[in-house]
Amino acid sequence: MERRITPRQEDYSRWYLDVIREADLAENAPVRGCMVIKPYGYRIWEGVRDGLDRRFRETGHQNAYFPLFIPMSFLQKEAEHVEGFAPELAVVTIGGGKELEEPLVVRPTSETIIGYMYSKWIQSYRDLPVLINQWANVVRWELRTRPFLRTMEFLWQEGHTAHATAEEAMEETLRMLDVYADFAIRDAAIPVIKGRKSDREKFAGAVASYTIEAMMGNGWALQAGTSHYLGDNFARAFDIKYLAPDNEVKYCHTTSWGMSTRMVGAIIMTHGDDQGLRLPPVLAPIQVVIVPIWRQEQERAAVLGLADQVRQMLADGGVRVHLDAREDQTPGFKFNDWEMRGVPVRIEIGPRDVQNNAIVLARRDRPGREGKIFGVPVPSALERVRELLAEVQQGLLEQATAFREANTHTVTDYETFKEVIEEAGGFIRAYWAGTSEDEARIQEETKATLRCFPLDQPEEEGRCFLTGAKTRQIAIFARAY
RNA sequence: CGGGGUGUGGCGCAGACCGGUAGCGCGCAGCGUUUGGGACGCUGAAGUCAGAGGUUCAAGUCCUCUCACCCCGACCA
């Protein structure tokens, strides 16, 4: 047997690239740093999109679309914003064969052009809040890229809202952080830590940035979604003002929040094992694959007949099911193939099952025979499959949570911190009262960054592991993508 | 931008020191036998050897230049 996927232990980033190739999710494009998302990978993204879009509607947001090109001067209106993004801008200077009067930036994010429009749309407190989301591609000129995790062009949604008061805007910021966490946990089965970013790590132009941080299979952290409270920074830069009930002109308070195709990378790296991908049933393009098995020609029709009957039953019940009737592949090959592609549940139907009017169920989150259930009566198939899908969904979340807990360490001094990062890896929870400079030094010396200050903070006071100062503030540190 | 490496059928590689008919594995196509955990046999298709220039009777192989990609570093919402 040829080994197609490098074991995680041997080389984690090779494993990641192998899984993407073997599961047929994406491949590199002829343009450096860009990728082609293939149909199977794109369907996972569509699952992410649908899960988020439904939640956005439920929280009162509407979709709209703003242009890809942004006048360079717009970015320059917010000092911190342009400074943060300048190094990774793609700029169009020629159009229609002629040098442009003003260069156009290919959007790295849309705060500026949306701010510009909001200033025209908003006159009165009666126009507020404005709650808009856009699904779009953005471009950031990255030096080091990895499929899904960091590419020069990526797909995402960016929500942009404007509110009358700081309180309302802050509520919105945290509400959308909750939406992301809910999606990550319930749909993607990824346990995440909600937290606030340090000043060093926050969005260029934000007052405060919030994040959901997830732990990948190698113990590294991944920022899986962010929500920013922008204060009135962009309102001042773009003149987003309204007339309040007291007849006073006031600046709006704005927010922005985004989740990207990086989420697909998070799913791969949270759940994947040495067999390949493992997909949470809620997002799996194919939730159940049926593999028919026959030995002799006369068994064929009966097996395929039952297989199709079961397929129809499940499809009618709303299950995303696929019957793999390929005749040029053996059942064994198909088992491995669909495991590699992460399908949560497999049904095996052979001559023996036809005789018993039963099927065999196998779950992806438990390897080999242990995950198989024999002799499931056909009439109860739909019900049993539904139960099993729910169990797999739950099982993946539990496994990921247990892994994160097992790889989260508490430290109280810098020496231990360095040891843990170097040897054990994973997340470090520690009291922190250091400065941005201290943070930079830690990154330099250990490659670990301050991922976030979790929203759940302890009551007790402790001592900063670096400075020894008394503080109530806990921070999470880790190496990150 | 600095250091290192690699470019040969779709993919992974050998061939290069020592110049002489371009090969192997996987994949692909056809036919047959197979099929409860990655099947096998036979037949077949497919290569501007990254590009340009040079040396030579003869270049994948030697020389010069160029390009692309990968890894490490620097940089980084």
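First the proteins, then the strands, lettered A, B, ... as listed; each starts at 1.
For the pair A:R341 and A:Y40, the cation-pi criterion (under 6.0 Å, within 45° of the ring axis) is fulfilled. Cation-pi geometry between A:K372 and A:F374 is not satisfied (NZ or CZ under 6.0 Å from the ring centre, within 45° of the ring normal). Cation-pi contact between A:R346 and A:F335: present, with separation from the ring centre below 6.0 Å and deviation from the ring axis of at most 45°.
Listed candidates were B:A74, B:A39, B:A77. Nearest to the side chain of A:F333 is B:A39. Side chain of A:M340, nearest nucleotide from B:G38, B:C75, B:G36: B:G38. Counting only heavy atoms from C-beta on, A:T330 has its side chain closest to B:G36 among B:A77, B:C75, B:G36.
Spacing between atom CG of A:L361 and atom P of B:G37 amounts to 17 Å, rounded to whole angstrom units. Between A:Y16 atom OH and B:C71 atom P the separation is 14 Å, expressed in whole Å. We find that CG of A:N28 is positioned 13 Å from P of B:C11, with the value rounded to whole Å. In this structure, A:D328 places its CG atom 12 Å from P of B:C31, rounding to the nearest Å. When rounded to the nearest whole Å, the span between CD of A:Q329 and C1' of B:G37 equals 14 Å. Between A:E444 atom CD and B:C76 atom P the separation is 11 Å, expressed in whole Å. The CD atom of A:Q223 sits 16 Å away from the P atom of B:C76 (whole-angstrom rounding). Straight-line distance from the CD1 atom of A:I5 to the C1' atom of B:G38: 12 Å, rounded to whole Å.
For B:A77, its base sits under 3.5 Å from the side chain of A:T226 at one donor and acceptor pair at least. Side chain A:R346 to base B:G37: a donor-acceptor pair is found below 3.5 Å. In this model, a side-chain donor or acceptor of A:D353 finds a partner on the base of B:G36 within 3.5 Å. Looking at A:K334, its side chain has no donor and acceptor atom pair within 3.5 Å of the base of B:G36. Applying the 3.5 Å distance criterion, the base of B:G37 shares a donor-acceptor pair with the side chain of A:E339.
A heavy-atom distance below 4.5 Å is not found between the side chains of A:R451 and A:I193.
For A:D11 (side chain) and A:P7 (main-chain N/O), no donor-acceptor pair under 3.5 Å exists by modelled atom type. Of the possible donor and acceptor atoms, none in the side chain of A:Q223 sits under 3.5 Å from a partner among the backbone N and O of A:G225. Side-chain N or O atoms of A:R107 include one that pairs as donor or acceptor with a backbone N or O of A:F66 at under 3.5 Å. Distance alone, capped at 3.5 Å, places no donor-acceptor pair between the A:S380 side chain and the A:E383 backbone. A:R55 contributes a side-chain N or O that, together with a main-chain N or O of A:G51, makes up a donor-acceptor pair within less than 3.5 Å.
Counting any heavy atom pair closer than 4.0 Å across all strands shown, A:K197 reaches no nucleic acid atom. A:E348 comes within 4.0 angstrom of a nucleotide base, judged by non-hydrogen atoms across all strands. The residue A:R32 sits close only to the backbone: its heavy atoms come under 4.0 Å of sugar-phosphate atoms, none of a base. At a threshold of 4.0 angstrom between heavy atoms, the contacts of A:P108 with the nucleic acid are absent. In this structure, A:G84 reaches the sugar-phosphate backbone alone: every heavy-atom distance under 4.0 Å involves primed, P, OP1 or OP2 atoms, never a base.
Rounded to the nearest Å, the gap between the P atom of B:C49 and that of B:G53 is 13 Å. The gap from the C1' atom of B:C75 to that of B:G2 amounts to 13 Å, rounded to the nearest Å. When the C1' atom is compared between B:G44 and B:C62, the two are found 37 Å apart, to the nearest whole Å. For the C1' atom pair drawn from B:U48 and B:C67, the interatomic distance equals 16 Å after rounding to whole Å. Nucleotides B:U56 and B:C63 are separated by 12 Å at their C1' atoms, to the nearest Å. Rounded to the nearest Å, the gap between the C1' atom of B:U66 and that of B:G12 is 27 Å. Using P as the reference atom, B:C71 and B:C28 are 28 Å apart when rounded to the nearest Å. Rounded to whole Å, the P atom of B:C11 lies 23 Å from the corresponding atom of B:C72.
Remark: B:A46 base-pairs with no nucleotide; criterion is Watson-Crick or G-U wobble with both hydrogen-bond distances under 3.5 Å. Of the nucleotides present, B:G20 is the one that pairs with B:C57 by Watson-Crick or G-U wobble criteria, both distances under 3.5 Å. Base pairing analysis places B:C75 opposite nothing; no Watson-Crick or G-U wobble pair with both distances below 3.5 Å involves it. If you check B:C31 for Watson-Crick or wobble pairing at under 3.5 angstrom, you find it paired to B:G41. For B:G9, there is no paired nucleotide, since no Watson-Crick or G-U wobble pair has both relevant distances below 3.5 Å. Across all strands shown, B:A14 remains unpaired; no Watson-Crick or G-U wobble contact has both distances below 3.5 Å.
Of all the residues in residues 284-297 of chain A, A:I293, A:W294, A:R295 reach under 4.0 Å from RNA chain B with at least one non-hydrogen atom.
Qualifying ring pair (Phe, Tyr, Trp, His ring centres under 6.0 Å) partners for A:H253, counting only residues two or more places apart in sequence or in other chains: none.
Along RNA chain B, the nucleotide closest to A:R144 and the one closest to A:E201 are compared, and the more 5′ of them pairs with A:R144. Across the interface with RNA chain B, nearest-nucleotide mapping of A:A204 and A:K447 shows A:K447 to be the residue nearer the 5′ end.
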